[in-house]
Amino acid sequence: MNTWIAVLATAAGCYALKLGGLVTPQRILEDPRVRRFTELVPVALLTALVAVQTFAAGRALELDAPRLAGLGAAVAALLLRAPFLVVLVIAAGTAALLRLLTG
């Protein structure tokens, strides 16, 4: 039963968030500070996701050479202005190759 309560609460929260975006007055959305905030939130969330996936294993901090090499390869590809899908393939390929070589 607790699972269903969590599912329903999450669904209600998602609906309220979407509704909040729809009923927000246009003058608030046109504010440069709000616009800048909404542009930076996805970047911050993606950065947090990358950090957690790179440096954590479960609840512990783990420095894993293949993951770090994959992240380095992704940064290099981004600096070379590679498309996002290419960046993902390069990062995953680098990490997979190092895992294969190191066992």
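One is the number of the first residue; the rest follow in order along the sequence.
Closest non-hydrogen pair, Ile90 versus Ala77, comes out as CD1-CB, 3.9 Å. When all heavy atoms of Ala65 and Leu98 are compared, the pair lying nearest together is O-CD1, 4.5 Å.
Under the salt bridge (Lys or Arg N to Asp or Glu O under 4.0 Å) criterion, no residue pair touches residues 49-59, with sequence neighbours excluded. Within the structure, the salt bridge (Lys or Arg N to Asp or Glu O under 4.0 Å) test picks out no pair touching residues 85-94 (sequence neighbours left out). Pairs passing the side-chain hydrogen bond (donor to acceptor under 3.5 Å, both in side chains) check and including a residue from residues 36-55, sequence neighbours excluded, do not occur. The stretch residues 2-25 participates, sequence neighbours left out, in no side-chain hydrogen bond (donor to acceptor under 3.5 Å, both in side chains) pair at all. Judged as a salt bridge (Lys or Arg N to Asp or Glu O under 4.0 Å), the pairs with a partner in residues 94-103 (not counting sequence neighbours) are, in order, Asp64-Arg99.
Under the rule for a side chain to side chain contact (heavy atoms under 4.5 Å, CB included), the partners of Ala91 that lie at least two apart in sequence or sit in another chain are Ala74.
Counting heavy atoms from C-beta outward, Pro25 and Ile28 have side chains that approach closer than 4.5 Å.
Here the CD-CG distance, from Glu62 to Leu68, works out to 10.0 Å after rounding to the nearest 0.5 Å.
Tracing side-chain contacts under 4.5 Å through hydrophobic residues (I, L, V, M, F, W, Y), one never reaches Leu71 starting from Val52; they form parts of separate clusters.
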